Every structure is written in structure tokens, then in C-alpha cells.
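Structure record follows, encoded as C-alpha cells.
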Number of protein chains: 2
Amino acid sequence: MPNPEQAPRAWVHTIGRQVGEEVTMHGWLYNKRSSGKVQFLQLRDGTGIVQCVVVKNEVTPEVFALCDSLQQESAISVTGEVRVDSRSPLGYELGARNVVLHHAADDYPISPKEHGVAFLMDHRHLWLRSSRQHAILRIRAGLARACRDFFDSRNFTLLDAPIFTPAACEGTTTLFETDYFGGKAFLSQSGQLYMEAGAMAFGKVYCFGPTFRAEKSKTRRHLTEFWMIEPEVAYFDLEADMDLAEEFVVEIAQRMRREFEPELTLIGRDLAVLDRVRKPLPRIRYDEAIELLRAKGCAVAWGDDFGGDEETLISQEFDRPVIIHRYPIHRKAFYMKQDPADARLALCMDMLASDGYGEIVGGGQREDNLAALERKIAAHGLPKEAFSWYFDLRRYGSVPHAGFGLGLERTLAWICGLHHVRETIPFPRLMDRLSP
Amino acid sequence: MPNPEQAPRAWVHTIGRQVGEEVTMHGWLYNKRSSGKVQFLQLRDGTGIVQCVVVKNEVTPEVFALCDSLQQESAISVTGEVRVDSRSPLGYELGARNVVLHHAADDYPISPKEHGVAFLMDHRHLWLRSSRQHAILRIRAGLARACRDFFDSRNFTLLDAPIFTPAACEGTTTLFETDYFGGKAFLSQSGQLYMEAGAMAFGKVYCFGPTFRAEKSKTRRHLTEFWMIEPEVAYFDLEADMDLAEEFVVEIAQRMRREFEPELTLIGRDLAVLDRVRKPLPRIRYDEAIELLRAKGCAVAWGDDFGGDEETLISQEFDRPVIIHRYPIHRKAFYMKQDPADARLALCMDMLASDGYGEIVGGGQREDNLAALERKIAAHGLPKEAFSWYFDLRRYGSVPHAGFGLGLERTLAWICGLHHVRETIPFPRLMDRLSP
């Protein structure tokens, strides 16, 4: 498509294989400049951008006039010879012999000038075409792939968690609710409880899907809809869980660094931040984190939760991500296992990304004792009946087990060095943003 | 975990590497039999099942008594030597030296006797542990992987579609709705419109995530929540789209056949059905399908939609999946492009699976002309304002483009030869089923 093909089709990302050949490329005009007798068309085909050189006396007058009138994002095909061009970032250019217009775009709204964030977000469906957004979302796809590869290659079974749930995992205040054939369903905030059932069946499982939080937060770290990857392992304790999270984050960060250097460079990421993400990652207890914060003049009391500011202060102390473990149990969700060495603490952990970014991982060991779990459910004021199936996991072959969740968008924001998570997902959903 | 490790850990799926070695295996008792002086424990560890042979005079009296009392799904660790056992399906067994009980399961609800479907569905969190469900969901994970590999290896960019949408893609009658900070949001039925924006930015994209339909259907082919993979390609027409769907379905079916023969055999799949899934897949026009149905005595009129019965009749005529293309346009969604050769028809296609299974793929070429699309939106009574961003894709560099959606669960039901889709997803959501 479209017919007639004028020459074998080429794509920008593999154009180097066709040097000296006549090819046809289909795409959109990204930019252009002219020196009177030569038009330089930047052709965007979705895999990259190539410069097409249109020399006045090498094409028909009609084609040259067409190029002269072409506006940004017009759909065109260019036929010509692939040539080495050592001056361009790509290393190749197209010596155009013919240009065909499929659709003329008039007054494309996103021009090279600066636009406000609201304007760009309103035009997200077009903004995706810009080099920077294109690069970020290519890295996102690579990161999702790296996450899956990590667990698939370690014989974890992908087990999709349901989105519709009859009950809340961690309370109901931040849940989206929908009518379900006359009843009520809530949109999942986490697949963890289901992964616990899966771990007892498959040993090692993970889910990776969208999750939903109706938080009334307009911060740069909050989306109402975001993707989370959640591994869960049977016969696994907090130490093993921290080892797994460490290996995971180091591997995906290094792989992104290795596979996406051009994209990371384009968006201005300081690659040294990623180079430093190597084992071992520092691990400190919550108690140590409190001391660290106080030493920095932060007025924090034992038992306090850490907000974004505290997370940033802590992560600035380390040159790589840091794991904080054994938080006060009264601050944590009902399913966390009490530390047998200190009843005030939970066998849980968070990982804070480096470079001032906040939490990207949260997890820990789960309560595997039925009586203890029933007490916790009651203490948290949760409806016991809704957890009847979850109790079964402690009735029939209960074993120590642990897992964690990693937020894809926050991790991507860190890897790319983005200020706001809104650029980390193709169509961001925020408290005040539901379109396009 | 748990400490102390008595010997290096082994897993069933790789136990063949440790023949002659002393290992410890952690898992659950799947079944057992006894011959007085020997207990045969079937140990399930999530990767498979291995027989552990406990001989009375080779273990302590306490251990032998423990084994005698052990009930199904009790959590145990077994330490012993890995031995070749040519009589077992696995080829190996464990000569037990020690057995440690972690948690005794009393009266596990799912016994080897027959249970009703409702009972098993109520115990889905435990039913996952049975060999048949375990095999089906391992194949599901492999199928999801194969789908991703197919598109990733062809340089499609994964672009996650949003779940929260402000408008309906194909009308509002089967949409789940939620309050969105005082407004309304609908749960996505398809990522297609977003993938069209993505195709213009990346050339070739796909999404793969959960989609939702509030259909009041209690058939064996309907879930309210199911996963769909949706590729979309710019500069692509219906013929190319059918080629892509054909290549895709043939590749994933062959790969499942190749990689999951033991699992497919365990669940009783007739492998010959999968062996026949080879290129070329037959392609017939809707008109031909009507003739075929009439020849079989089916009272169907030109313009009628095909239901499950008609799909089954058609697919029984072929030994492999069949593509039906060019349906009457008045039956189809607003975004489908009219056939320039016949105004009554849409440039669309469905693929019906073989072996009497129904539709697994639906797709086609999209309307790329702004005026035509605006007319269609009006004719379908859809709110024009909600599609303003979608119209932009026809304003700025509109090109021929096409794509399709493949339903993961229906495809898995076909590959596995399952009667009902409820076994194809870890935690099925049906009209009358929201838990566990």
C-alpha cells in the first residue's frame, strides 16, 4: 500500500541494508528546509526520520512544486536511492526521484514552537508523533518487554489478575466502582491476592496489567490508571524477595541503558544515573531511614509514613536505588506478615529509585497464618466474608510466600528522567484528564 | 526458604539435571498411595509433579508415620536422591530420605471425585492447582508470549490503550460505566481508535490488555472481562490485513502445538486439528458464506449477521480457520471503510477458528476520509464531539490503514479444545460470576 509500489519498500530503521538501491518509503513530513534549488524533506515513517533530498533538476517541475508547498504531517511517499550520509545522525539519506502526496495536512496544530502542557495533552493523539514522545514510548515498550523477559526466563507463569473484583484489597476509599448486572464491582488496585492463589498453584507467578486508583491527587507521580507488574513466589521470604527485586530492577535498568541509548540521549537522560544501577543495592531498615531523615533536619517521628518529600531526601543519599525494609506494621496493609523479631514491624520493603525519584517497588512477605490473618482483617475493619477464598490459601497447604509490585510508569519516569508521569503512558488518565 | 536448607533445591521441570544428587523439593502433596511398607507421595511444586518414594526402613519411624497421615495439599518438603524412573511419565523420581511438614491441610475440598462446575468455579483459587487447569493456564501464558513475540519481532510498537474512555467505540449498550471524579468514564471495549492514532505515529502498533463488555449473554463464548490483542498498521489495506492475520494465527497455533504438546495431550486436545493450521487459510466473501449456509439448509438472508450457529456451520466446511471478508456495511461499526467496488460492502473481515469454534479475529480497513467518517458518525447517532480527536487523524496526514483484534480466550479455547471459555482465564468474570 498504496499501489502502485514504485520500488521495494524501505523503513528508516533498516535503511542501512539498502544502500545503493532504489526504494519507496511511506510516511509523513516531519519538517523541511529549502535552499532554493534543493528541498530537504524530513520523512517520518514511525521507525525513525530520514532526510530526503529533492534537487530541482532531478525531479519533474510538478514534484518540486509539490515539495515546495508541502506542509508538516502531510502523508507522502518518496522514491529514490538510499545513500550514505555521514553528516546525518542516521548515517543515510534518500536521493529523491519522485514524491507522491496522499493527503495534505493544513496547519498541523503542533508546530516546532513551544506549546503549553494542557495544549499538548489535549492533542496527545498527535503529540505521540513528536520525536521526544516517540522515544519515550519506544522505551516504554522495551521496558514492558524487559519486565516480561525477566520473569518468563526464570520460569514464572504469567497469570492475569482480574480487573473486576468484589472487594477492596486495601480499603475502599480509592476504588472505582461500577454497576455489575445489578450488583457492584470494583476495579482492581492490585492483583496481589490473586497472585497469592497463583503462587500456591504454580510456585512462581506474575501478573502485568492496568490497575486503578481513584486518588484525589494532582501530583507528578499519580495516574488514575497505570500498569503494574506483580510477581509472587511460594516458599519465599522477605530476604529472597529483596534479592529478587534487586536483581529485577538492576537488570531492566541496565537493559534499557544498553538497548535504548539513542532514545535516552535524545530525551536528555543523564546516562551516568543508569550506569550506577548495579548490585548490590543498599538496604536500610525503616529505623535507619528515620535516623537519616532526622540527621537531615526533617521533623519525622517513628511511625510516620514517608511522603514524596521524605522519599526524595532518602534517595538523594544514595547513588543507586535503595531498599527500605521493616516499616511499622500499623501503617501497612492487613496482609503483611509481622516481623517475628520485632512485633512493631512488618516484613515488608519498598524500593526508592535513585536521582530523587520516589518509590517504584513495594512488597514483602505475606501473613501465612490463618488466625493471625483473621485478626488483621477484623482489626482493619474489612468484611470477613469477602476474604473467605483468601483464607482458604492459609487452610490448605499454607507456606511462607512473598512478592512485590513495580509501577511501570514511575519506573519509566525514572529511567527516562521525566519530571511528570503524564508522558510515560500513551493516553494518560489523571484526576482532571480523561481524553483523548 | 524454609530454613535450614537440607540440600540444594530442585524443581520438577529441571530435575533431570540432578540425577544422582541429593536435593530438597518444596511443594504440596498432590496425591499418594501406599503399599504398607512404601509410601508413594506425588509432590506438586508448581512446575510439575514428581513421585517421592518413602520406604519404611529408609526413614525414621516419625517420618514414615507423618507420610501415612498426610492429606492432600499439605505443604511439605522432601529431601532425597534424584533417580531415573523410566516407568513414570516424568522419567525421574525422588528416593526420600526425609519429609518435613510445613502445614497440614485437612479435608481439601477438591477431591479426585467429580465436582459440579459451580462448585469448581466457587473454588477457582484452589482449582488452579489441578493438573488440567494448570496445563490450560500454562498454555495461556505461552500463547500470550507467542502473540507478543509475533508483533515485537516484526517491529510493531506495543502501545497500551487506555481502559478509561470518555466515549463508546461501538455504541453504549454494552459498556460498563464508572463515576470519574464527578463525571462519567466507560471501560474500554477495544483499543482500536487509540491504535489508529498510534499507527500514524509509529507505523505499526499493537495493544494487548483487558477489555470489557457488559453483554447479558450466558453463552460458552462470553466473558465480561477478556484480553484482546489489537494490531494496527498505517499504509495498509484489507488484503495486507488478511495476510497479517493469517500469518499470525498460523504462527501462534503452530508454536503452541510445538511447545505445549505434553499439556495439550494431558487435556485431551486432538493435535491433528492444530497440525492442519497452515497457510493458506481459505478466504471467502460474505456473499459466498451466505450461499454456503443456504446450501446447508440454513434460512439466512443477505444482510443477516452470523450468530454462533452460522459460524459453526461455516467453520465445519473447512479443515482450518477460514476468513470471511466484505460483510454488508450497514451491519458494521462506523469506522469501517466502504468497498469502492461495491457500496453495500465494508472492507472488513472475520476469522472463524476451525473445529466448530467461532470468531477469533475481527478487523479490516478503516475509513480514512474525513467527510465520509463524519457522515458515518452522524448516521450511527454517535456524539460528534467525542470523536473530535479521532477526526484529527483524518485531518493531518490521513493514510489507508487497517488492523484487527484477536480474542485471547476464544483463541485459547480453540487451541485447547475447551467447550467453555470459563477455563481459559485464571479468574473468569461472567454475567453471574464475580468471585473469587
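Model, not experiment: these values are computed from the prediction. Residue numbering restarts at 1 for every chain, and letters A, B, ... go by the order of the sequence lines.
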> For B/D107, is it the side chain, the backbone, both, or neither that has a heavy atom closer than 4.5 Å to a heavy atom of chain A?
Replying inline: backbone
> Contact part of B/T224 toward chain A, heavy-atom cut-off under 4.5 Å: side chain, backbone, both or neither?
Replying inline: both
> Checking ring-ring contact (aromatic ring centres under 6.0 Å, His included) against B/H125, which of A/Y194, A/Y396, A/F387, A/W389 comes through?
Replying inline: A/W389
> Which atoms of B/R395 come close to chain A, meaning under 4.5 Å heavy atom to heavy atom: side chain ones, backbone ones, both, or neither?
Replying inline: backbone
>> On the six-membered ring of A/W11, is A/R9 placed so that its NZ or CZ lies under 6.0 angstrom from the centre and within 45° of the ring axis?
In response: yes
> With only heavy atoms counted, which part of A/I76 is less than 4.5 Å from chain B, the side chain, the backbone, both or neither?
Replying inline: backbone
> Can you check whether A/F181 reaches B/L430 side chain to side chain, under 4.5 Å on heavy atoms?
Replying inline: no
> Is it the side chain or the backbone of B/D368 that comes within 4.5 Å of chain A heavy atoms, both, or neither?
Replying inline: neither
> Where does B/F212 contact chain A at under 4.5 Å (heavy atoms): side chain, backbone, both or neither?
Replying inline: side chain
> Which answer fits A/I163, side chain, backbone, both or neither, if we ask what part of it has an atom under 4.5 Å from a heavy atom of chain B?
Replying inline: both
> Where does B/D149 contact chain A at under 4.5 Å (heavy atoms): side chain, backbone, both or neither?
Replying inline: both
>> I'd like to know if the side chain of B/E196 pairs up with that of B/Y390 as donor and acceptor (distance under 3.5 Å, no hydrogens or angles considered).
In response: yes
